[in-house]
Engineer: 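What follows is a single structure, and I will ask about it in a moment.
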2 protein chains.
Amino acid sequence: MVMHSSPFAAKLGSYIDLSEPELLVLESLHARRKCYPAGRDLVLQGQPEQPAYILAEGWVCSYRLLAGGGRQIVDFQIPGDFLGLRSVLSRTAGQSVEPLTKVQASLINPQDLMDVFARNPRLGAAVLWAASRDDAMVVEHLVGIGRRNALERTAHLLLELGARLTLVGLGTKAGYDCPLSQYVLADALGLSAVHVNRVLRELREEGLCTFRNGRVDINDFDGLVQLADFDHDYLDHDGPLYQGVQAPRFAA
Amino acid sequence: MVMHSSPFAAKLGSYIDLSEPELLVLESLHARRKCYPAGRDLVLQGQPEQPAYILAEGWVCSYRLLAGGGRQIVDFQIPGDFLGLRSVLSRTAGQSVEPLTKVQASLINPQDLMDVFARNPRLGAAVLWAASRDDAMVVEHLVGIGRRNALERTAHLLLELGARLTLVGLGTKAGYDCPLSQYVLADALGLSAVHVNRVLRELREEGLCTFRNGRVDINDFDGLVQLADFDHDYLDHDGPLYQGVQAPRFAA
DNA sequence: CCGGAAAACTGACAGAGATCAGTGAATCGG
DNA sequence: CCGATTCACTGATCTCTGTCAGTTTTCCGG
């Protein structure tokens with residue numbers, strides 16, 4: 001793997017080899033990079049004409065609010081991830097997007113994005129793949145909440161975050177920095193904060209992993225994987241389709 | 001709304017006005033229509049090169065299997081819906097697709113599909129919108145399983161199915177035919193079949209809706225909507241984006 | 001460095017839903 | 001049309017997770 005200037009390039013670069021010009025194009029998307037404080041939503045559920053961003057630094061979550069006052073976090077975004085890509089396509093945002101830490105993000109002009117894709121089909125394919133990986137993660141969360149118990153589900157989330165962070169150079173098999181509070185974790189896992197606390201304690205006592213002071217230490221990777229029934233495939237299987245994009249079909 | 005020859009055309013036609021030629025193109029996609037028995041998977045999770053279909057008749061579910069033997073149904077597909085569209089993009093199928101009844105479906109050649117989109121951008125946009133609606137439904141299921149109790153969740157699913165069936169002319173506000181068993185419902189709702197039974201009884205006793213002998217009768221639509229916190233928006237908001245597809249931006 | 005606020009943590013108790021172990025009702029292929 | 005299989009349905013019990021009501025620890029701005 002090449003040294004990458006941005007997590008976004010690192011992420012795409014881990015699936016297709018990026019040429020010098022392509023790296024420059026990706027860099028150009030970061031032109032309007034700005035800093036945003038934690039807690040103030042970047043995208044608002046139900047609002048039209050919401051912006052899209054590429055996240056350069058910090059953590060973000062996308063969530064849905066319910067009438068009863070509860071919220072369900074659908075996914076977390078980490079550096080290199082798109083924010084609100086869906087709302088570019090479907091006009092109205094289905095979810096809100098909130099920074100969980102101070103973040104740096106680049107505002108994306110939809111038209112610029114389309115132009116980039118038109119001129120660099122491989123990048124378009126890579127982003128499309130990334131979007132479809134995001135969908136796969138949502139499905140995985142659905143499966144987890146529907147069919148895994150609290151312990152398995154929590155282990156699964158911690159592993160998933162670890163895998164994603166490792167991809168952009170922000171984590172290893174041994175652990176990663178994680179700014180999520182137990183309340184936030186609870187909103188993502190469909191649990192109460194109290195129970196998240198109990199579950200984290202159990203993971204610690206079982207010698208599987210330790211989540212403390214903003215740091216996740218994975219003590220027994222294989223044990224965790226087994227407990228969570230964690231299947232790495234949904235995160236990094238084939239990568240984007242090249243046929244018809246990189247080269248015409250008959251050339252294969 | 002015009003009289004439509006297929007549920008697929010009915011679905012797309014409810015969001016963009018379809019011209020005569022466009023209707024013919026949609027019809028041509030149904031060329032390889034075939035019948036498939038209940039229970040034999042059409043798409044297999046984890047397998048590469050899986051086919052895609054447009055469902056013409058019958059009910060289908062897409063699901064994920066877990067190591068423990070449980071399964072989580074991610075979504076149901078009804079006539080007019082795409083099957084395995086995602087696997088066309090990402091090479092490997094993330095979910096299996098199983099017919100719940102005898103079905104009729106049209107096998108789709110990915111290349112044909114791309115050609116159709118290239119020549120009929122409005123149809124491409126409409127299908128893209130439909131795909132994004134599918135994603136919104138998955139998110140809605142996630143929110144439901146994470147934050148709604150069994151009664152609300154079940155009510156929500158029954159309402160969602162009703163709305164979708166109504167769109168393609170297979171249901172009304174008053175009810176619809178529904179071939180789902182309580183076991184299947186349980187796999188979709190993240191509940192046990194026993195509890196689904198109890199929940200359905202309660203919905204019946206509360207005078208909200210009656211699910212019996214393959215028929216859902218909605219007795220108190222507004223009551224159900226309120227109980228489920230059902231927000232129709234995620235199913236039928238704006239429809240696809242026209243800008244940049246139907247006409248260049250400056251023409252607006 | 002200090003005080004206040006947020007986050008982490010804990011025990012006691014309650015409740016939603018799972019599991020177990022069945023009995024009736026419907027459906028269907030032969 | 002009949003036996004078998006699937007599906008619908010029920011009560012009793014158990015357990016996982018939520019709720020309540022705190023205390024302690026950590027963090028952060030002034």
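Per chain, numbering begins at 1; letters A, B, ... match sequence-line order.
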Engineer: Nearest whole angstrom, please: distance from the C1' of D:dC16 to the CZ of A:R153.
Structural biologist: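 Those two atoms, CZ and C1', are 10 Å apart.
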Engineer: Mapping A:R201 and B:N149 onto DNA chain C by nearest heavy atom, which one lands closer to the 5' end?
Structural biologist: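 Its nucleotide being nearer the 5' end, the pick is A:R201.
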Engineer: I need the NE2-P distance between B:H195 and D:dA12, as an integer number of Å.
Structural biologist: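 Whole-Å distance recorded here is 17 Å.
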Engineer: Can you check the A:N197 CG to D:dC16 C1' distance for me, whole Å?
Structural biologist: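 From A:N197 CG to D:dC16 C1': 16 Å.
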Engineer: Could you check whether any side-chain N or O of A:D81 sits under 3.5 Å from a backbone N or O of A:I78, counting only pairs where one atom can act as donor and the other as acceptor?
Structural biologist: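 Indeed, once roles are kept as given, a pair shorter than 3.5 Å links the two residues.
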Engineer: On DNA chain D, check which nucleotide each of A:N213 and A:A150 is closest to and give me the residue with the more 5' one.
Structural biologist: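 Between the two, 5'-proximity favours A:A150.
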Engineer: So, applying salt bridge (Lys or Arg N to Asp or Glu O under 4.0 Å) with B:D75, which one of B:R164, B:R133, B:R64 is it?
Structural biologist: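 It is B:R164, the one option of B:R164, B:R133, B:R64 that forms the salt bridge (Lys or Arg N to Asp or Glu O under 4.0 Å) with B:D75.
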Engineer: Would you say the side-chain atoms of B:S96 pair up with the backbone N or O of B:Q45, donor to acceptor, closer than 3.5 Å?
Structural biologist: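 A pair under 3.5 Å: yes.
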Engineer: Can you list, in residue-number order, the parts of residues 181-194 of chain B that come under 4.0 Å of DNA chain C, counting heavy atoms only?
Structural biologist: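 DNA chain C contact set from residues 181-194 of chain B: B:G190, B:L191, B:S192, B:V194.
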Engineer: For the pair made of CZ in B:R148 and P in D:dG18, what is the distance, rounded to whole Å?
Structural biologist: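 For the pair B:R148 CZ and D:dG18 P, the rounded distance is 17 Å.
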Engineer: So among B:D177, B:L161, B:V184, which one has a side-chain contact (heavy atoms from CB on, under 4.5 Å) with B:W59?
Structural biologist: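 Among the candidates, only B:L161 passes.
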Engineer: Nearest whole angstrom, please: distance from the C1' of D:dT25 to the CZ of A:R212.
Structural biologist: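 Result: 11 Å.
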Engineer: Would A:H195 and A:R198 count as having a side-chain donor-acceptor pair, cut-off 3.5 Å?
Structural biologist: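 Yes, because at least one side-chain N or O of A:H195 sits under 3.5 Å from a partner of the opposite role on A:R198.
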Engineer: Which residue pairs satisfy the salt bridge (charged side-chain N to carboxylate O under 4.0 Å, His left out) criterion with at least one member in residues 30-45 of chain A, sequence neighbours excluded?
Structural biologist: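 Qualifying pairs: none.
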Engineer: Nearest whole Å is fine: how far is C:dA6 P from A:L180 CG?
Structural biologist: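 From A:L180 CG to C:dA6 P: 19 Å.
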Engineer: In whole angstrom, what separates B:L100's CG from D:dC7's P?
Structural biologist: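 Value for this atom pair: 11 Å.
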Engineer: Is it true that a side-chain atom of B:Q226 and a backbone atom of B:G223 form a donor plus acceptor pair closer than 3.5 Å?
Structural biologist: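 Not at all, since once roles are kept as given, no pair shorter than 3.5 Å links the two residues.
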Engineer: Could you state the atom-to-atom distance from CG of B:L151 to P of C:dA16 in whole Å?
Structural biologist: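 Roughly 11 Å, once rounded to whole Å.
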Engineer: Between the side-chain atoms of B:R198 and the base atoms of C:dT19, is any donor-acceptor pair under 3.5 Å?
Structural biologist: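 Check passes, donor-acceptor contact within cut-off.
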